[in-house]
Amino acid sequence: MELGTWRVKTGMAQMLKGGVIMDVVTPEQARIAEDAGAVAVMALERVPADIRAQGGVARMSDPELVTAIKNSVSIPVMAKCRIGHFVEAQVLEALGIDYIDESEVLTPADEEHHIAKDVFTIPFVCGARDLGEALRRLGEGAAMIRTKGEAGTGNVVEAVRHIRTVNGAIRRLQNMRPEELMAEAKELGAPYSLVVEVAERGALPVVNFSAGGIATPADAALMMQLGCDGNFVGSGIFKSEDPAVRAAAIVKATTHYQDAQIVADVSRGLGEPMSGLDVRSMPDEELLAVRGW
Amino acid sequence: MNVGVLALQGDVREHARALGDLGVQASEVRLPKDLEDLQGLIIPGGESTTIGKLMVIFDMLEPIRQRIMAEEMAVWGTCAGMILLSKNVVGHTQPLLRVMNSTIQRNAFGSQVASFEADVPIAGIEGGPFPAVFIRAPLVEAVGPEVEVLARLPGDGSIVAIQEDLMLATAFHPEIVDDRRLHRHFLTVCARVDS
């Protein structure tokens with residue numbers, strides 16, 4: 001009997017495919033998410049929109065809150081640690097949750113290094129804006145990738161940019177001759193073996209969800225049609241007028257992303273979505289997606 | 001042979017790839033009309049509460065149940081699928097197909113840090129133990145007399161694979177390994193359905 005194998009870690013992410021993972025800050029919100037059909041919840045003290053508004057250093061959540069959320073639902077529970085903060089990761093593993101998000105939404109603890117994730121039993125998901133970043137995280141042992149988007153904005157534009165960037169780079173690799181892959185690995189700053197693997201498969205070797213700015217059922221279906229395996233929805237649900245209804249609608253649109261009639265039906269009468277931010281008007285120091293190296 | 005994979009949520013592609021390796025082009029089943037002409041349906045791994053709720057919302061629960069009960073279609077549930085096929089789940093109320101006479105303990109080993117791989121001998125499957133991957137896996141706590149136990153976990157003897165006539169259920173995920181023996185077994189079950 002073997003624990004924490006690569007198959008067990010990546011397999012867990014495969015079971016989440018076609019689903020929606022929702023940010024929650026209380027056990028009550030976690031139950032609303034579960035009732036709406038979420039495949040997992042992300043236990044947080046503050047959703048990204050509030051982290052953005054309140055400023056200060058954003059850290060791992062209080063273990064008491066994480067445990068209370070874990071005890072309130074039967075679906076998997078994820079939690080975030082700071083980039084490079086391997087002790088926060090050790091703490092989250094000790095809490096017995098299901099997945100750790102080494103996340104740029106929290107204030108980074110290390111501005112050069114990410115966590116060596118392969119030594120943990122618990123699997124990690126990490127954000128990426130491009131293929132090189134995704135493959136560096138896989139090289140460190142991440143078992144799932146999410147394209148970053150720009151969290152807490154309710155604006156899907158960065159999520160779209162990041163999935164197009166990753167998938168465009170994969171298509172480029174597929175068209176290369178074998179001897180070109182080493183130079184490309186150097187260019188991407190990515191492990192050569194992973195570059196070769198992606199060129200052969202025409203896909204990342206792990207599940208890739210979208211994140212950061214998804215606020216409507218149509219946003220969710222857009223990300224699925226662009227090739228994501230599922231959606232993280234953060235502020236978009238519990239910062240909207242009617243979270244339970246919106247959450248259920250986003251779940252349905254993620255399943256039936258190819259059926260415009262169903263996406264239309266579930267989009268009716270949802271109330272106000274979260275108010276969005278124009279990413280172009282934001283100063284660089286407020287952008288979260290640029291964190292991660 | 002027409003075999004579909006329930007594609008509401010979960011690792012649909014992995015099952016479709018496994019069937020493809022055996023020369024069967026699987027269809028994705030999302031709405032009741034997709035069930036027509038199917039001799040077999042796989043309910044994949046995923047989140048059982050999510051798949052169950054989506055089956056209710058999109059009116060899939062009764063049509064699937066009726067086709068199974070009428071023996072018009074073989075069915076195989078892996079992990080979440082095993083839960084959804086069962087009559088009872090310990091400690092949870094959630095939508096279920098309630099077609100197999102089994103009682104399931106969800107998430108029987110604990111959280112993801114307790115997920116594991118093990119080699120499990122399976123009755124009727126030749127060629128040595130099967131490489132079984134258990135991910136937040138359920139266990140079969142009890143079965144009725146009409147249910148055949150195909151596999152027990154070495155060590156504690158927990159039931160991890162069962163068959164009841166045209167219905168098959170495994171607590172683990174044959175779709176995420178390269179061993180196709182259980183998919184081949186399911187296709188032989190599908191072949192028993194009168195088309």
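Quick note: numbers below take in every heavy atom, side chains included, and nothing from hydrogens, waters or symmetry partners.
Taken from NE2 in A:His256 to CG in B:Leu8, the straight-line distance is 6.0 Å, to the nearest 0.5 Å.
Smallest separation of non-hydrogen atoms from A:Ile97 and B:Ser111: O-OG, 3.6 Å. For the pair A:Leu3 and B:Phe116, the tightest heavy-atom approach, listed with the atom from each and the gap, is CD2-CB, 3.9 Å. Minimum interatomic distance between B:Lys53 and A:Asp35 (heavy atoms only, all atoms of both residues): CD-O, 3.4 Å. The two residues B:Ile176 and A:Arg7 make their nearest non-hydrogen contact at O-CD, 3.8 Å.
Ranked by heavy-atom pairs shorter than 4.5 Å toward chain A, the options B:Val12, B:Ile51, B:Leu31 are led by B:Leu31. Ranked by heavy-atom pairs shorter than 4.5 Å toward chain A, the options B:Arg136, B:His92, B:Arg106 are led by B:Arg136. Of all the listed residues (B:Ala114, B:Ser115, B:Gly45), the one sharing the greatest number of non-hydrogen pairs under 4.5 Å with chain A is B:Ser115.
With a 4.5 angstrom heavy-atom cutoff, B:Val113 touches chain A via backbone and side-chain atoms both. Proximity to chain B (any heavy atom under 4.5 Å) is restricted, for A:Asp229, to the side chain, taken from C-beta onward.
For the residue pair A:Thr255 and B:Arg30, no side-chain donor N or O sits within less than 3.5 Å of a side-chain acceptor on the partner.
Using a distance-only test at 3.5 Å, with no hydrogens or angles considered, no donor-acceptor pair links the side chain of B:Glu14 to the main chain of A:Gly11.
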